[in-house]
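Notes for the one structure printed next.
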Amino acid sequence: MTKGIFPTDKFKSLRTPFYYYNIELLRQTLDIVNEQTARYGYQEHYAVKANANPRILSLIAQKGLGADCVSGGEVQAALDAGFPANKIFFAGVGKADWEIRLGLEHDIACFNVESLAELYVVNELAAAQGKTATVALRINPNVDAHTHAKITTGLQESKFGITAGLLPGVLKAMAGMKHVRFFGIHFHIGSQITDLSAFRDLCIRANELQGELETRGLTVANLNFGGGLGIDYHHPNHLPVPDFENYFSVFHQLVSRRPGQQIHFELGRAVVGQCGTLIAKTLYIKEGEAKKFVILDAGFTELIRPAMYDAYHRIENLTSDEAVEPYDVAGPICESSDVFARARELNRVRRNDLIAIRSAGAYGEVMASQYNGRRLPEAFFSDLL
């Protein structure tokens, strides 16, 4: 147990459940990202979907990163947080007209276009504003990310991106469009990837694709490899910062970078995942015939990953030093899937004990819901408590 890293006494006066962000760790992580990207002249655009808390976004913007957005709401949130429009990328398979107009009105850096149908609409809406939209084509490289099926996005047939077989037709159509300008190619193969061989395969495929485009007379000025680097959910205390050095080194070693070519990344979870913790209070210890249940005041309305992806999160009892016992850790939601862990070893739990569910900085607060009439939790920050 690592109670020392949390201000547990201060937590006792706060209404649970809530999100707690270690701002010092976030700043450290951002500094390392900046150090490693500067080493190779890469550009990082933080994936806003991982965590859109306004203060988190503001801190990331202050560190000079760009923003990767997947909705008009995220574009507006990025602008409000201080991200320059010329560092905002807008991806997403279903951009509504108003969202595209918003990006055009603010002259954002790039639209990552995911289909020919979308390309026609972007061209039309740009023409209506008398502008030229900068677009990158998101291509499915058919690379297996070796991750959960629900967060694998770069295989041959997916709702995301353009398959390689359709690319010639898209390029032919784009050549006749007067209000779009080709920026480069974009990839994103999945999320929570811990096997770096998937990124090696992506590099090889990217080299092939840009070579094919060059034979068609297209210069690929920008390569965007998306994000996907995972974090260590089992060991947040020992490995709080992902291995950015080896991650970026893979691309440096394997990508056939053309002179003057800019390489972009869209990491999200890797940046914010470990800095966040969901703090909950124990409501009941339910005694079953063969097991014990810890019933918390937090459920999948506050952290949906275990219910949606069968995801593991480290769980710690912040207010007990007693011997460990196995518990099923569950929430109050009226659904059988509202379980954080089964047979998890925790220091003996009593009513009102504070429970920390770690590595909740990504896809925690941003995915919270009001199902069952729940209120949305507050967020607290280590430097403001």
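We use all heavy atoms of the structure for the numbers below, so side chains are in, but hydrogens, waters and symmetry mates are not. Throughout, residue positions are numbered sequentially from 1 according to the sequence presented.
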Given the side-chain rings of Tyr46 and Phe83, with only the six-membered ring counted for Trp, is the space between their centroids under 6.0 Å?
no
With sequence neighbours excluded, tell me which residues meet side-chain contact (heavy atoms from CB on, under 4.5 Å) with [X].
{"X": "Asn352", "result": "Lys281"}
{"X": "Ile204", "result": "Glu208"}
{"X": "Arg351", "result": "Tyr284"}

Got a sec, which hydrophobics cluster with Tyr312, joining ILVMFWY side chains under 4.5 Å apart, including via others?
Ile231, Tyr233
Going by ring pair (Phe, Tyr, Trp, His ring centres under 6.0 Å), name the residues that satisfy it together with [X], two or more places apart in sequence or in a different chain.
{"X": "Phe187", "answer": "Phe225"}
{"X": "Phe381", "answer": "Tyr21"}
{"X": "Phe11", "answer": "Phe18, Tyr20"}

Not counting sequence neighbours, which residues clear side chain to side chain donor-acceptor pair (under 3.5 Å) with [X]? List them please.
{"X": "Arg55", "value": "Asp383"}
{"X": "Asn123", "value": "none"}
{"X": "Asp31", "value": "Lys63"}
{"X": "His264", "value": "His45, Asn222"}

Considering non-hydrogen atoms only, spot the tightest contact between Arg314 and Glu316 and give its length.
NE-OE2, 2.6 Å
According to side chain to side chain donor-acceptor pair (under 3.5 Å), does anything in residues 71-86 pair up with another residue at least two apart or in another chain? List the pairs.
Gln76-Asp80
Do we see a donor-acceptor contact under 3.5 Å between the side chains of Glu266 and His186?
yes
So does Arg342 have more than 12 non-hydrogen atoms from other groups sitting under 6.0 Å from CZ?
no
